[in-house]
Student: 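Quick one: structure below, then a few questions.
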Amino acid sequence: MRMTRYFIPTLREIPSDAQIVSHRLMLRAGMIKQAAAGIYSWMPLGLRVLQKIERIVHEEQIRAGHIPLLMPTLQPAGLWRESGRYDDYGEEMLRITDRHQRDLLYGPTNEELITDIFRGHVRSYRDLPLTLYHIQWKFRDEIRPRYGIMRGREFLMKDGYNFDVDKEAAIHSYNRHMVSYLRTYQRMGLQAIPMRADTGPIGGKYSHEFLVLADTGESEVFFDSAILDLQFEGRDIDYDSRGNCARLVDHWTSHYARTDETHDQDVFEETVPESRRRRSKGIEVGQIFYFSTKYSEPMGASVSNANGELVNVHMGSHGIGVSRLVGAIIEASHDERGIVWPSSVAPFQVGIVSAATGHAETEAVCNALYQELTGLGIETLYDDRTERAGAKFATMELIGLPWRITVGPRGLKTGQVELVRRKSGDSKQYATGEIVAALCYQLEAHN
RNA sequence: CGGGGCGUGGCGCAGCAUGGCAGCGCGGCGGUUUUGGGAACCGCAGGUCGUUGGUUCAAAUCCAAUCGCCCCGACCA
């Protein structure tokens with residue numbers, strides 16, 4: 001993409017109402033623009049990141065055997081009256097009346113809709129297990145939205161729902177989700193810790209929240225520092241194996257890790273050596289639930305089991321805050337100059353800066369590089385504006401592309417261009433004929 | 001919803017106590033000189049001072065209502 005033909009409305013000054021670093025940087029980098037309290041437009045650069053994250057979430061869900069569909073944002077009130085939540089959910093649910101005076105609501109979550117879909121089409125245990133999910137905009141009329149997209153009223157969430165014939169199968173679904181979530185965060189360069197959580201208004205018996213440690217997080221968390229050293233053993237996970245998933249979940253949940261909602265100081269002190277006790281702030285980026293037959297019972301979602309008996313299905317639900325992850329990643333990865341994107345979610349992999357606008361050779365090299373990289377399918381942002389070099393460097397650092405190639409008369413005298421890594425600031429000179437290969441090597445090495 | 005604060009060119013702000021020409025910085029446009037870390041100079045454009053009503057010879061400024069936004073708290077991916 002040529003910057004002169006793109007749209008990145010950056011800001012030099014910090015908007016006064018942005019309180020936390022991710023919000024400030026998203027506004028300064030021209031990623032979002034506020035439309036109303038807690039409601040944002042996603043500008044081109046922000047949209048690219050959002051879509052990268054969305055794609056990773058999809059890939060990991062599909063890898064775990066979960067099936068995407070898409071449910072509407074507007075839902076009929078009737079289903080919610082049936083589950084009993086139309087009144088329970090309270091003011092946070094945005095209610096709408098259409099021209100025929102029918103009650104609708106902008107979905108804050110989708111248990112009712114998915115259960116309705118399920119009960120209309122699934123009758124037999126042979127159709128189970130089944131996990132359906134979608135990535136769709138939600139609306140929760142928060143009393144006080146804040147921190148940009150971190151606590152918006154409108155937000156993009158992946159929410160999934162598993163249907164199983166009995167508790168054991170449902171627990172496996174729960175475990176499968178925990179593992180797939182951990183992998184999802186890992187791919188975005190985030191370390192998210194599963195913590196035992198309250199079930200809240202969703203209800204149910206088991207729940208874990210996934211927290212990314214950050215000073216600006218809104219949740220207080222207590223954990224055993226040993227959990228920070230846990231690693232995934234291999235890239236391939238057999239999601240169909242109950243034993244395998246259970247073992248991984250065990251691995252990740254054997255250490256003490258709880259939010260303030262479930263924290264028990266006595267247990268904390270009994271089970272964690274003092275030197276490993278940590279108290280910190282965290283950003284919640286996902287939550288999983290097993291809620292047994294809480295929805296299937298009132299809504300009549302049942303199947304025939306192998307003995308021909310009608311049984312209520314065991315369900316669970318799971319959510320990842322996709323739009324919130326954009327902010328969480330920035331909170332976890334930035335410096336004083338701007339954002340430092342992990343390459344898996346970066347809006348572009350590399351930026352080309354021509355350090356001398358109007359210098360014929362420089363521009364010829366930039367153009368050739370841009371053509372070649374784009375031809376190779378490498379997402380490239382070419383800053384071809386008639387700005388001075390300093391301004392272009394500042395912009396590149398603000399928007400945080402992992403790599404920058406600088407082309408200028410100084411280097412071209414000896415036929416060289418510069419490759420700079422955003423994360424470390426390390427730079428190295430390469431001959432113009434070698435730069436593409438060098439970049440490809442680095443992209444591979446740091447992927 | 002309780003408490004606090006703020007609405008003035010695209011952005012950041014001053015002006016308001018004590019009513020009297022609507023300003024500054026950044027950004028934008030044109031020009032000249034520049035050109036490897038957010039250039040300098042000259043010129044230009046851009047604002048019904050959130051909205052409505054009131055007081056007054058005169059309102060950004062005083063009064064009232066209203067809308068919106070932000071911060072703290074209780075609630076939430």
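Numbers restart at 1 for each chain; the letters A, B, ... are given by sequence-line order, proteins then strands.
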Student: Taking only residues two or more places apart in sequence, or in another chain, which ones meet A:His23 in a ring-ring contact (aromatic ring centres under 6.0 Å, His included)?
Tutor: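 Listed in chain order: nothing, the list is empty.
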Student: Look through every strand shown and name the nucleotide pairing with B:rG30 as Watson-Crick or G-U wobble, where both distances are under 3.5 Å.
Tutor: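 Across all strands, the one nucleotide that pairs with B:rG30 is B:rC42.
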Student: For A:Ala36, report the nucleic acid contact type (base, sugar-phosphate, nothing); a contact means any heavy atom under 4.0 Å.
Tutor: sugar-phosphate
Student: Which residues within residues 319-344 of chain A lie with some heavy atom under 4.0 Å of an atom in RNA chain B?
Tutor: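 Contacting residues: A:Gly321, A:Arg324, A:Arg337.
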Student: Need the pair for B:rU55. Rule: Watson-Crick or G-U wobble, both distances under 3.5 Å, any strand; none if unpaired.
Tutor: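 Checking every strand shown, B:rU55 finds no partner, since no pair has both distances under 3.5 Å.
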Student: With sequence neighbours excluded, tell me which residues meet side-chain hydrogen bond (donor to acceptor under 3.5 Å, both in side chains) with A:Arg388.
Tutor: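 side-chain hydrogen bond (donor to acceptor under 3.5 Å, both in side chains) list for A:Arg388, sorted by chain: empty.
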Student: The criterion is ring-ring contact (aromatic ring centres under 6.0 Å, His included); which residues satisfy it with A:Tyr40, sequence neighbours excluded?
Tutor: none
Student: With the side chain counted from C-beta on, respond yes when A:Tyr239 and A:Val179 share a heavy-atom pair under 4.5 Å apart, and no when they do not.
Tutor: yes
Student: Strictly under 3.5 Å: I want the nitrogen or oxygen pairs between protein and nucleotides 28-35 of chain B, one per line.
Tutor:
{"unit_1": "B:rU34", "atom_1": "O2", "unit_2": "A:Arg388", "atom_2": "NH1", "d": "2.8"}

Student: Might you point out which heavy atoms bring A:Ala214 and A:Glu331 nearest each other, and give the distance in Å?
Tutor: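 For A:Ala214 and A:Glu331, the tightest heavy-atom pair comes out as CB-CB, 4.5 Å.
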Student: For residues 379-404 of chain A, which residue pairs qualify under ring pair (Phe, Tyr, Trp, His ring centres under 6.0 Å), counting only residues two or more places apart or in two chains?
Tutor: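 Qualifying pairs: A:Tyr370-A:Tyr382, A:Trp403-A:His446.
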Student: Who is the Watson-Crick or G-U wobble partner of B:rC75, with both distances under 3.5 Å?
Tutor: none
Student: Partner of B:rC6 by Watson-Crick or G-U wobble geometry, both contacts under 3.5 Å, or none?
Tutor: B:rG68
Student: Can a side-chain donor-acceptor contact be found between A:Tyr174 and A:His208 if the only test is distance below 3.5 angstrom?
Tutor: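 Yes, side-chain donor-acceptor contact under 3.5 Å.
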Student: Rounded to whole angstrom units, what separation is found between the NE2 atom of A:His177 and the C1' atom of B:rA77?
Tutor: 15 Å
Student: Determine which pairs satisfy salt bridge (charged side-chain N to carboxylate O under 4.0 Å, His left out) with at least one residue from residues 185-194 of chain A, sequence neighbours left out, and list them in order.
Tutor: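 Matches after skipping sequence neighbours: A:Glu59-A:Arg187, A:Glu60-A:Arg187.
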Student: Nearest whole angstrom, please: distance from the P of B:rA74 to the CD of A:Glu142.
Tutor: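 Distance, rounded to whole Å: 14 Å.
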Student: Of all heavy-atom pairs between A:Ala18 and A:Leu27, which one has the smallest distance, and what is that distance?
Tutor: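 What the structure gives for the nearest pair is CB-CD1, 3.9 Å.
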Student: Taking only nitrogen or oxygen atoms into account, show me every contact under 3.5 Å that the protein makes with nucleotides 8-13 of chain B, one pair per line with its distance.
Tutor:
{"unit_1": "B:rC11", "atom_1": "O2", "unit_2": "A:Glu13", "atom_2": "OE1", "d": "3.2"}
{"unit_1": "B:rC13", "atom_1": "OP2", "unit_2": "A:Ser16", "atom_2": "OG", "d": "3.0"}

Student: Any ring pair (Phe, Tyr, Trp, His ring centres under 6.0 Å) pairs touching residues 325-350 of chain A, not counting sequence neighbours?
Tutor: A:Tyr6-A:Phe348
Student: Which residues pass the side chain to side chain contact (heavy atoms under 4.5 Å, CB included) test with A:Arg81, sequence neighbours left out?
Tutor: A:Ala77, A:Tyr86, A:Asp103
Student: Can A:Ser317 and A:Glu111 be counted as having a side-chain donor-acceptor contact under 3.5 angstrom?
Tutor: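 Side chains of A:Ser317 and A:Glu111: pair found under 3.5 Å.
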Student: Picking from B:rG38, B:rG37, B:rA77, which would you name as closest to the side chain of A:Phe393?
Tutor: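 Side chain of A:Phe393 sits closest to B:rG37.
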Student: Output all residues satisfying ring-ring contact (aromatic ring centres under 6.0 Å, His included) with A:His314, sequence neighbours left out; order by chain, then residue number.
Tutor: none
Student: Heavy atoms within less than 4.0 Å of RNA chain B: which residues of residues 154-163 of chain A have one? Give them sorted by number.
Tutor: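 Within residues 154-163 of chain A, the residues near RNA chain B are A:Phe155, A:Met157.
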Student: Quickly work out the A:Leu190 CG to B:rA77 P distance and round it to whole Å.
Tutor: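 Spelled out: CG on A:Leu190 to P on B:rA77 is 18 Å.
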